[in-house]
Amino acid sequence: MDTPELGVREAELIAARRANLAALRSAGADPYAVTRYEVTAHAAELQRRFADLPAGGEADDRFSVAGRLMLLRGQGNVAFADLWDESGKIQLFFKSDVVGKERLKAFQKHVDRGDLLGARGRIVRTKLGELSLLVEHYEVLCKSLLPLPDKWHGLVDMERRYRQRYLDLTVNPAVREIFLLRSRIIAEMRRFLDARGFVEVETPVLINIAGGATARPFQTHHNALDLQLNLRIATELYLKRLVVGGIERVYEIGRIFRNEGIDTKHNPEFSMLELYAAYWSYEEMAQFTEELFVHLVGMVTGGKDRIDYGGRSLHFARPFKRVRYLDALRERGGYARADLLSPAGAERIAISLGIPKPPSHAHALDKIFEAVVEPHLADPTFVMDIPVLLSPLAKRRADDPELTERYELFIANMEACNAFSELNDPDDQRGRFEEQAHDRASGDAETPPPDWDFVTALEVGMPPTAGIGIGIDRLVMLLTDQQSIRDVILFPLQRPL
RNA sequence: GCGCCCUUAGCUCAGUCGGUAGAGCACCGGCCUUUUAAGCCGUGGGUCCUGGGUUCGAGUCCCAGAGGGCGCACCA
């Protein structure tokens with residue numbers, strides 16, 4: 001961002017802080033020269049440890065804390081300040097006869113809200129019951145030169161919250177909580193997978209053929225090779241190559257890029273967990289999915305099996321509800337299999353539902369399901385046995401080859417994951433790629449070009465395998481009760497100013 | 001890409017029928033030894049998103065543009 005032109009008033013606010021910076025420097029305490037501070041406790045730790053300290057009580061141990069000053073309450077010969085570190089808040093209590101008259105005066109004159117401060121002293125609880133560090137010594141660790149947003153309302157403007165997330169995180173503790181929880185959720189997923197023998201790998205982001213999903217890729221160029229490249233739209237085809245290579249349980253948590261629209265559930269770059277387990281069918285994968293989701297719900301709720309999302313209570317009780325894809329459409333809309341599985345029939349139903357001219361059979365079927373069934377899928381529900389025409393990489397059911405061994409898990413009317421028994425018949429895979437190539441040739445830009453090397457890998461032989469993809473951002477939305485994907489992505493895409 | 005809405009002080013927001021711009025907090029000066037958005041007294045602070053237009057006169061009405069939010073379309 002270019003240096004913005006400042007209003008007169010804002011320039012004055014900054015000048016006042018720069019004057020305080022100069023005063024600190026001339027007193028030999030240049031905050032920008034500080035290289036370290038011995039932190040011996042975090043706020044939350046002290047709050048826990050001294051939870052039983054009575055009002056008016058004092059502890060003997062001395063602690064050093066460091067963090068940002070978010071609230072200053074000065075008085076003549078005494079002062080209070082709220083200091084926030086990553087863990088939470090602790091009040092600092094300055095008394096002139098403890099910290100020294102001159103040091104208190106210097107604090108009141110030259111330290112600003114927003115400055116980073118290190119403070120050492122004993123823990124006390126004030127008469128009014130607030131646990132506090134009675135400051136014996138303090139040090140300004142960094143000067144904040146810009147005025148902070150409103151101490152009460154915080155930063156509300158959505159645009160600034162996304163563009164200047166550092167400010168959002170600084171003044172809105174609830175936002176910081178969401179992102180810390182996101183980090184814990186992902187760490188817990190890794191622990192869960194590692195404990196079950198899954199191997200984490202990294203597959204390429206820059207690839208020639210962006211397959212494994214239907215989406216427009218971002219395009220880029222490699223100069224030295226003079227090569228057009230795409231950013232990946234899925235990790236699927238590379239992870240399955242690794243199963244071919246003998247890595248029986250493999251996963252990747254990685255960024256995926258899709259050149260599509262932006263809304264409350266879509267960001268052009270997003271995070272996905274994909275994992276593959278050799279010798280599992282989609283049945284084992286469904287069990288595994290339940291276990292993982294229940295585990296994560298328990299983690300964020302402290303052992304409960306319900307979460308609140310958007311004002312609704314969602315129940316994560318095993319076994320999750322199950323419904324077969326075609327049964328759901330019959331029960332909810334009275335539609336017959338023969339109609340749904342024929343291009344003309346599906347188009348007729350789509351039009352009767354007011355869906356504008358679907359470009360393909362698959363598109364029509366997808367839209368019908370979205371309109372008829374999805375609104376009813378609040379509690380976690382597996383939608384099983386999805387037609388092969390929607391599932392180019394899934395294995396057919398042996399007893400019903402028009403359907404696949406595939407399920408999607410819906411939670412809060414959102415697709416939370418997509419899993420199937422992986423197609424490992426190279427001839428079937430080649431045939432489906434050929435069909436896709438035909439679609440692509442007739443103008444469908446979202447269908448990827450065939451990845452023939454993947455077919456070669458299947459010819460080497462992939463064991464029977466089940467795989468799953470879980471959108472991490474949406475999972476975090478569910479677990480943190482956020483209605484917009486931008487509120488679980490630290491730096492969501494914004495137009496440059 | 002389409003539709004609706006938003007943009008006023010550092011922050012959060014008012015601004016009536018078109019008549020020279022308001023509050024709270026923050027900041028600055030003063031008082032205060034137990035505050036919790038501390039309190040009290042006082043001072044200062046504006047490219048009303050940008051550019052046009054209508055009008056004697058525009059924060060306000062009209063047009064165009066920028067950025068953002070929500071919905072639709074696309075998608076996960």
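Naming: A, B, ... by sequence-line order, numbering from 1 per chain. Just so you know, these numbers come straight off a predicted model, no measurement behind them.
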query: Do we count A:Phe80 as stacking onto B:rA38 if the rule is ring centres under 5.5 Å and planes under 30°?
result: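 It does not: the ring fails the test against the base of B:rA38.
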
Between atom [atom1] in [X] and atom [atom2] in [N], what is the gap in whole Å?
X: A:Leu128; N: B:rU33; atom1: CG; atom2: P; answer: 16 Å
X: A:Phe93; N: B:rU36; atom1: CZ; atom2: C1'; answer: 13 Å
X: A:Leu155; N: B:rC11; atom1: CG; atom2: C1'; answer: 8 Å
X: A:Leu71; N: B:rU36; atom1: CG; atom2: P; answer: 11 Å
X: A:Glu446; N: B:rA73; atom1: CD; atom2: P; answer: 14 Å
X: A:Arg495; N: B:rG67; atom1: CZ; atom2: P; answer: 5 Å
X: A:Gln483; N: B:rG69; atom1: CD; atom2: P; answer: 16 Å
X: A:Leu83; N: B:rU36; atom1: CG; atom2: C1'; answer: 15 Å

field: Pair listing, salt bridge (charged side-chain N to carboxylate O under 4.0 Å, His left out) test, anchored in residues 255-267 of chain A, at least two apart
entry: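 As it turns out, the salt bridge (charged side-chain N to carboxylate O under 4.0 Å, His left out) pairs with a partner in residues 255-267 of chain A, which skip direct neighbours, are A:Arg255-A:Glu269.
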
Pairs touching residues 98-107 of chain A that satisfy salt bridge (charged side-chain N to carboxylate O under 4.0 Å, His left out), sequence neighbours left out: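 Every candidate salt bridge (charged side-chain N to carboxylate O under 4.0 Å, His left out) pair involving residues 98-107 of chain A fails, so no pair, neighbours aside, qualifies.
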
Would you classify [X] as touching base, sugar-phosphate or nothing, given that sugar-phosphate means primed atoms plus P, OP1 and OP2, and contacts are heavy atoms under 4.0 Å?
X: A:Gly471; value: nothing
X: A:Ser96; value: base
X: A:Asn418; value: nothing
X: A:Gly469; value: nothing
X: A:Gln494; value: sugar-phosphate
X: A:Asn267; value: base
X: A:Arg258; value: base

Which base sits across from [N] as a Watson-Crick or G-U pair, both distances under 3.5 Å?
N: B:rG1; answer: B:rC72
N: B:rA66; answer: B:rU7
N: B:rC28; answer: B:rG42
N: B:rG57; answer: none

message: Tell me which pairs pass side chain to side chain donor-acceptor pair (under 3.5 Å) where either residue lies in residues 142-152 of chain A, with sequence neighbours left out.
response: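 As it turns out, the side chain to side chain donor-acceptor pair (under 3.5 Å) pairs with a partner in residues 142-152 of chain A, which skip direct neighbours, are A:Asp112-A:Lys143, A:Asp115-A:Lys143, A:Asp150-A:His153.
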
- request: Could you walk me through whether A:Arg312 and A:Asp379 pass salt bridge (charged side-chain N to carboxylate O under 4.0 Å, His left out), step by step?
  value: CA-CA 10 Å; A:Arg312 286 180 301 183; A:Asp379 279 337; over 6 Å; no

[N] and [M]: how far apart are their [atom1] atoms, nearest whole angstrom?
N: B:rG45; M: B:rA9; atom1: P; result: 16 Å
N: B:rG46; M: B:rC5; atom1: P; result: 32 Å
N: B:rU47; M: B:rC4; atom1: P; result: 31 Å
N: B:rC27; M: B:rG39; atom1: P; result: 12 Å
N: B:rG44; M: B:rA38; atom1: C1'; result: 23 Å
N: B:rA14; M: B:rC48; atom1: C1'; result: 13 Å
N: B:rG24; M: B:rU35; atom1: P; result: 24 Å
N: B:rU12; M: B:rG52; atom1: P; result: 28 Å

- request: Please list residues of residues 367-382 of chain A whose heavy atoms come under 4.0 Å from any atom in RNA chain B, ordered by number; otherwise none.
  value: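 Heavy-atom contacts with RNA chain B come from A:Lys367.
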
message: For RNA chain B, which residues of residues 117-125 of chain A approach it to below 4.0 angstrom with any heavy atom?
response: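 Those residues whose heavy atoms fall under 4.0 Å from RNA chain B, taken from residues 117-125 of chain A, amount to none.
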
- prompt: Can you name the one residue among A:Asp157, A:Asp168, A:Asp487 that meets side-chain hydrogen bond (donor to acceptor under 3.5 Å, both in side chains) with A:Tyr162?
  reply: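 When A:Asp157, A:Asp168, A:Asp487 are each tested with A:Tyr162, the side-chain hydrogen bond (donor to acceptor under 3.5 Å, both in side chains) holds only for A:Asp487.
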
Does the base of [N] carry an N or O that pairs as donor and acceptor with the side chain of [X] under 3.5 Å?
X: A:Glu159; N: B:rU7; value: no
X: A:Glu260; N: B:rA76; value: no
X: A:Lys95; N: B:rU34; value: yes
X: A:Asp263; N: B:rC70; value: no

Please write out each protein N/O paired with an N/O of nucleotides 24-29 of chain B under 3.5 Å, distance rounded to 0.1 Å.
residue: B:rG24; atom: N2; partner: A:Asp150; partner atom: OD2; Å: 3.1
residue: B:rC25; atom: O3'; partner: A:Lys151; partner atom: NZ; Å: 3.3
residue: B:rA26; atom: OP1; partner: A:Lys151; partner atom: NZ; Å: 2.7
residue: B:rC27; atom: O2'; partner: A:Arg9; partner atom: NH2; Å: 3.3
residue: B:rC27; atom: O2; partner: A:Arg9; partner atom: NH2; Å: 2.4

[X], nearest nucleotide to its side chain (from [options]):
X: A:Glu130; options: B:rG69, B:rU36, B:rA76; value: B:rU36
X: A:Glu415; options: B:rA76, B:rG69, B:rA38; value: B:rA76
X: A:Val78; options: B:rU33, B:rG67, B:rU36; value: B:rU33

- prompt: Does B:rG69 have OP1 or OP2 sitting under 4.0 Å from an N or O in the side chain of A:Arg161?
  reply: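 For A:Arg161, the contact criterion (side-chain N or O under 4.0 Å from OP1 or OP2 of B:rG69) is not met.
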
Results of ring-ring contact (aromatic ring centres under 6.0 Å, His included) for A:His137 - residues two or more places apart only: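 None.
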
[X]: which residues meet the salt bridge (charged side-chain N to carboxylate O under 4.0 Å, His left out) condition with it, sequence neighbours left out?
X: A:Glu374; result: none
X: A:Arg122; result: A:Glu58, A:Asp60
X: A:Arg73; result: A:Asp82
X: A:Arg322; result: A:Glu283

Between side-chain atoms of residues 488-497 of chain A and protein atoms elsewhere (two or more places apart, or another chain), which donor-acceptor pairs fall under 3.5 Å?
none

- request: Measure centre to centre between the rings of A:Phe410 and A:Phe320, then say whether the value is under 6.0 Å.
  value: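 Ring centroids of A:Phe410 and A:Phe320 are no less than 6.0 Å from each other.
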
query: Between A:Leu389 and A:Ala362, what is the shortest heavy-atom contact and its length?
result: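 Result for this residue pair: CD1-CA, 3.5 Å.
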
message: Main chain of A:Ser271, side chain of A:Asp473: is a donor-acceptor contact present, judged purely on distance under 3.5 Å?
response: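 Yes.
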
